[in-house]
Number of protein chains: 2
Amino acid sequence: MTTPPPGARLAQELALPPDVRVTEAMREHCPLRDTLDRIGDRWTVIVVVLLRGGPRRFSDLQRATEGISRRMLTHTLRNLERDGLVTRTVHPCVPPRVDYALTDEGSSLTGPLTGLLHWSMRHHDHVRSSRQAYDSSRQEPDAGGPPA
Amino acid sequence: MTTPPPGARLAQELALPPDVRVTEAMREHCPLRDTLDRIGDRWTVIVVVLLRGGPRRFSDLQRATEGISRRMLTHTLRNLERDGLVTRTVHPCVPPRVDYALTDEGSSLTGPLTGLLHWSMRHHDHVRSSRQAYDSSRQEPDAGGPPA
DNA sequence: CCGAATCCGTAATGATACTG
DNA sequence: CAGTATCATTACGGATTCGG
């Protein structure tokens, strides 16, 4: 176990001293940023969830994901494979068959994702109503103003 | 307490029946997607973390966030305010002074974010080494090929 | 000081055609 | 079947300028 840098303990609770400055370097090297970049895109979470039930082949994943193009499915799977979250297995047969499966690391991602999902479900109504209130309050800041 | 739709229990654990199809509608109405869209961008998490220590004014946030432009800070804060995660308080003085603060909802977001951070820190080494292995295995699939 | 408005470059995504 | 290559479109973010 390596000795953590002085700021690690604070970072672990997402708390920072009030006078801290978030520098470019901190942003670039942040593990959380890496994760957010991965799961923040349009398809990654869906693919991970679909793979939770076990290995699935490429065309299977595409059929199960309405609207995804082969290009983006390939791209999404490549990124997951590159990060060691998914394995790619080519079966030497014709026509070709390629299976994708979650690694243990990939599977473990569902833990924090579930935490995020729970928060999202708990607060979804509030967020939606907040948005509606915000939008309607700016769309027509006045309603009885004399037109002429 | 409202009766959850049939799929909710499954969704809560991020598990889906093996034959499910993720439709466009499911993606569009997904609370998790909303959250990922919010925290997945470049600045939101930083701003939320900076606000954990208490209210801060606009220029203060900008100084504390290296590289952010006024445009993006405004944009980030607007989105957070619209979602009810941050409040905006204008002090009627000159020069103007505007304070931003986390709401309880916004503050509660740090819970799941911390979960994600912990996962990120635990797996960062593995992800980094996976990437390195993946990249180097494709950059030079051969190393002893006879050049001529 | 705190923004809004505009312009612009880059990156993400999608459509389509082609290949082993 | 499982991709790759290319092109078009869009979204995101940054720089600059102007206003209250």
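Protein chains get the first letters and strands the later ones, always in sequence-line order, with residue 1 at the start of each.
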A quick test of your reading: do over 12 heavy atoms of other residues, nucleotides or ligands sit less than 6.0 Å from [atom1] of [X]?
X        : atom1 : answer
A:Glu66  : CD    : yes
B:Arg128 : CZ    : no
B:Asp104 : CG    : no

Pair B:Arg33 + B:Asp37, salt bridge at N-O below 4.0 Å: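 Here B:Arg33 pairs with B:Asp37 in a salt bridge, since their nearest N and O are under 4.0 Å apart.
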So, are A:Arg56 and A:Asp99 salt-bridged, with charged N and O less than 4.0 Å apart?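 Result for this pair is no, no salt bridge flagged.
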What are the 5'-most and 3'-most nucleotides of DNA chain C lying under 4.0 Å from any heavy atom of chain A? C:dT13 to C:dG20
I'd like to know if A:Val127 and B:Leu80 are part of one continuous hydrophobic network [Ile/Leu/Val/Met/Phe/Trp/Tyr, side-chain heavy atoms within less than 4.5 Å].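 Hydrophobic grouping puts B:Leu80 apart from A:Val127.
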Under a 4.5 Å side-chain heavy-atom rule over Ile, Leu, Val, Met, Phe, Trp and Tyr, are A:Val98 and A:Val94 clustered together?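 In one cluster: no.
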Worked verdict on A:Ile46 versus A:Thr76 for side chain to side chain contact (heavy atoms under 4.5 Å, CB included): CA-CA 10 Å; A:Ile46 294 176; A:Thr76 303; over 6 Å; no
Looking at every heavy atom in both A:Pro96 and A:Arg57, which two are closest together, and how far apart are they?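 Shortest heavy-atom contact: O-NH2, 3.7 Å.
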Counting primed atoms plus P, OP1 and OP2 as sugar-phosphate and everything else as base, spell out the protein contacts along nucleotides 8-20 of chain D at 4.0 Å heavy-atom distance: B, S or - for each nucleotide, 5' to 3'. -----BBB-B--B
A:Ser108 and B:Trp119: side-chain donor and acceptor closer than 3.5 Å? yes
A:Tyr100 side chain N/O closer than 4.0 Å to the phosphate oxygens (OP1, OP2) of D:dG3? yes
In residues 44-58 of chain B, which ones come under 4.0 Å of DNA chain C, going by heavy atoms?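 Those residues are B:Arg57, B:Phe58.
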Distance check needed: D:dC1 C1' versus A:His91 NE2, whole Å only.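 A:His91 atom NE2 is separated from D:dC1 atom C1' by 13 Å.
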